[in-house]
Undergrad: 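Sharing a structure, written as structure tokens. Questions coming.
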Amino acid sequence: MSGVRVLVGTRKGAFILTSDENRQKWDISGPHFAGWEIYHVNGSSADPNRLYASQSSGWFGQLIQRSDDGGKTWEPVGNAFAYEGTPGTHQWYDGTQHPWEFKRVWLLQPSHTDPDVVYAGVEDAALFRTQDGGQTWQELPALRTAKGHLWQPGAGGMCLHTILLDPTNPDRLFIAISAAGAFRSDDGGASWLPINKGLVSPYELPDADADVGHCVHGLAMHPSRPEVLFMQKHWDVMRSDNAGDLWHEISGNLPTDFGFPIAVHAHEPETIYVVPIKSDSEHYPPDGKLRVYHSRTGGDEWEALTNGLPQSDCYVNVLRSALAVDSLDSCGIYFGTTGGQVYASADSGDSWTAIVRDLPPVLSVEVQTLP
Amino acid sequence: MIRVVLPHHLRTLAQVDREVALSVAGAVTLVAVLDALEAQYPVLRGTIRDQVTKERRPFIRFFACGQDWSHEPPHTLLPDAVVTGAEPFRVVGAMAGG
């Protein structure tokens with residue numbers, strides 16, 4: 001019988017939630033790495049038992065953990081993230097230039113084909129890669145030449161938080177940085193283009209449609225159609241039909257178009273999910289109602305999914321990496337909140353239940369569909 | 001042997017008890033103790049000092065014989081009581097966060 005494994009990173013450790021394909025009864029293990037911030041846990045699609053976790057602490061720095069048995073046991077692997085060459089500078093809050101300084105790993109994205117190859121998105125923003133299962137990490141430094149001197153930290157830090165690998169073209173990668181924007185490589189990371197045309201940020205940037213500087217919160221694609229990208233920007237939900245060459249807004253009738261995560265249904269490339277948040281000043285759902293919205297038309301027309309979610313007095317947030325989908329026949333949707341709940345829907349969002357309610361604040365949620 | 005006391009999270013990480021014993025060849029300096037600690041427990045690399053610059057991490061402190069050694073230069077000789085093992089060298093996670 002198939003099943004799912006939900007990988008949850010929190011402020012105080014990692015949790016692994018497993019269930020069979022019915023997704024009604026859950027086994028919960030954790031906390032793994034108790035007391036540490038776990039920004040991200042992710043699994044290899046080439047070997048589902050190979051997991052990687054980003055473990056960090058303001059006291060003790062960055063560690064990377066690896067599991068070869070689906071999270072039952074872990075071993076620390078390499079944690080040296082050294083910028084290539086002279087790190088250089090980026091724009092600081094006061095407009096001066098500031099040296100690049102490594103702080104933490106936000107995201108780990110294993111290759112689709114090789115469990116030993118993993119990309120890491122770090123703060124201060126850069127892209128690293130391991131080709132030996134995490135023992136050593138090398139920067140892909142060309143990214144920071146894509147107007148890196150103009151990048152500036154957002155409120156959450158200057159983090160590279162999203163990595164999408166085109167499943168049909170191993171040379172094509174997309175990444176997003178807060179607050180620099182989205183970038184694409186068509187040559188395996190040897191060179192990069194800002195892909196931010198069509199983004200408009202009148203409240204955040206002096207030049208509203210600048211090449212870089214947009215606060216992109218998340219990107220999503222469906223693997224069958226990797227040239228179509230969806231974006232949750234600081235404000236605005238956006239879509240590109242040409243791999244990011246040009247974006248257009250699809251916020252439509254959303255109650256607010258501010259938010260963090262975005263995801264695509266596993267079997268319906270035009271069905272997308274967002275979790276609207278009131279504003280950049282008030283990071284909680286509008287009206288105290290936790291609502292996931294989906295569009296089944298690729299954007300513009302949105303419908304609230306509320307069955308089983310709190311519809312009063314709810315003031316949690318859902319962070320950018322805390323929404324994921326499984327690929328079972330009836331697509332499962334999962335998200336975690338800053339209040340420590342992990343909600344699951346086994347029917348594409350029509351109904352929701354909380355798998356757990358009292359974890360530490362959830363930083364990330366990933367899902368593995370197991371054979 | 002040099003005795004080193006580690007904070008909770010580093011003990012868990014290195015899978016050791018509260019105190020570890022190190023053999024340090026040559027002069028027993030701050031940097032020699034940290035080098036020996038990281039050689040014996042590679043998982044601690046980067047957790048006490050930066051992997052690249054080798055600077056002490058901001059919220060880590062070093063204490064021995066009732067004194068704060070955190071701001072001393074790396075090649076500072078540690079007291080005889082640490083060298084003989086009469087007193088431990090303490091790696092401490094600073095209280096922070098309110």
Side-chain angles (χ1 to χ4, degrees), chain A residues 10-14 30-38 53-67 73-88 99-105 120 122-124 126 128 130 132 134-139 141 157 360-361, chain B residues 3-20 22 30-31 33-64 68-72 74 88-98:
Chain A
T10 81
R11 285 269 178 228
K12 296 293 177 185
H32 303 270
F33 326 115
W36 292 72
E37 289 187 315
I38 307 299
S54 170
Q55 173 186 8
S56 66
S57 147
W59 284 262
F60 307 114
Q62 179 69 51
L63 291 148
I64 300 292
Q65 298 274 354
R66 181 178 117 182
S67 174
T73 62
W74 295 85
E75 66 166 326
V77 288
N79 62 339
F81 290 86
Y83 294 108
E84 191 74 25
T86 303
W100 243 273
E101 295 166 340
F102 174 81
K103 297 185 177 65
R104 60 177 60 80
V105 172
V122 314
E123 177 188 358
D124 288 339
F128 284 77
T130 179
D132 56 13
Q135 300 300 337
T136 61
W137 297 87
Q138 294 80 37
E139 189 192 2
Chain B
R3 296 161 52 207
V4 177
V5 174
L6 294 171
H8 168 82
H9 281 308
L10 298 190
R11 276 181 252 153
T12 306
L13 194 58
Q15 300 181 356
V16 297
D17 292 330
R18 183 168 181 273
E19 194 171 296
V20 299
L22 302 176
L30 271 171
V31 68
V33 169
L34 296 174
D35 285 347
L37 181 65
E38 291 177 355
Q40 192 159 321
Y41 303 102
V43 71
L44 297 181
R45 289 176 185 157
T47 64
I48 296 170
R49 43 184 190 166
D50 186 274
Q51 295 245 36
V52 177
T53 66
K54 300 296 181 189
E55 287 184 14
R56 174 180 53 80
R57 293 187 55 78
F59 292 158
I60 295 286
R61 291 290 183 271
F62 305 132
F63 288 91
D68 184 356
W69 297 83
S70 307
H71 301 289
E72 299 301 322
F89 177 78
R90 297 175 189 274
V91 177
V92 177
M95 278 191 284

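Chain naming here is simple, since letters A, B, ... match the order of the sequence lines and numbering starts at 1 in each.
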Undergrad: Would you mind checking which part of V52(B) comes under 4.5 Å of any heavy atom in chain A, side chain (CB onward), backbone (N, CA, C, O), both or neither?
TA: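 Only the side chain of V52(B) comes within 4.5 Å of chain A.
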Undergrad: May I ask you to name which of L13(B), D50(B), I60(B) has the most heavy-atom pairs under 4.5 Å with chain A?
TA: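 When all of L13(B), D50(B), I60(B) are compared, L13(B) has the most.
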Undergrad: Please work out which of the three classes, parallel, tilted or perpendicular, describes the rings of W100(A) and Y83(A), given edges at 30° and 60°.
TA: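 Rings of Y83(A) and W100(A): perpendicular, as their planes differ by over 60°.
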Undergrad: Taking atom types as modelled, is there a side-chain donor on H9(B) or W59(A) under 3.5 Å from an acceptor on the other?
TA: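 No.
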Undergrad: Looking at Q51(B) and R45(B), what are the two nearest heavy atoms and their distance?
TA: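 Closest approach of Q51(B) to R45(B): NE2-O, 3.6 Å.
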Undergrad: Between L44(B) and chain A, with a heavy-atom cut-off of 4.5 Å, which part of the residue counts as in contact: side chain, backbone, both or neither?
TA: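 Answer is neither: L44(B) stays 4.5 Å or more from chain A.
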Undergrad: Quick check on Q65(A) against chain B: is it the side chain, the backbone, both or neither that has a heavy atom closer than 4.5 Å?
TA: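 The side chain, not the backbone.
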Undergrad: Which bit of P42(B) comes within less than 4.5 Å of chain A, counting heavy atoms only: side chain, backbone, both or neither?
TA: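 Neither part; nothing is under 4.5 Å.
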Undergrad: Taking the ring centre of each residue, are W74(A) and F33(A) less than 6.0 Å apart?
TA: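 Close enough - the centres of the two rings lie under 6.0 Å apart.
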Undergrad: With respect to chain A, which residue among V43(B), I48(B), L10(B) yields the maximal number of heavy-atom pairs within a distance under 4.5 Å?
TA: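 If we count pairs closer than 4.5 Å to chain A, L10(B) comes out on top.
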Undergrad: E75(A) and T73(A): side-chain donor and acceptor closer than 3.5 Å?
TA: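 Per modelled atom types, E75(A) and T73(A) side chains form no pair under 3.5 Å.
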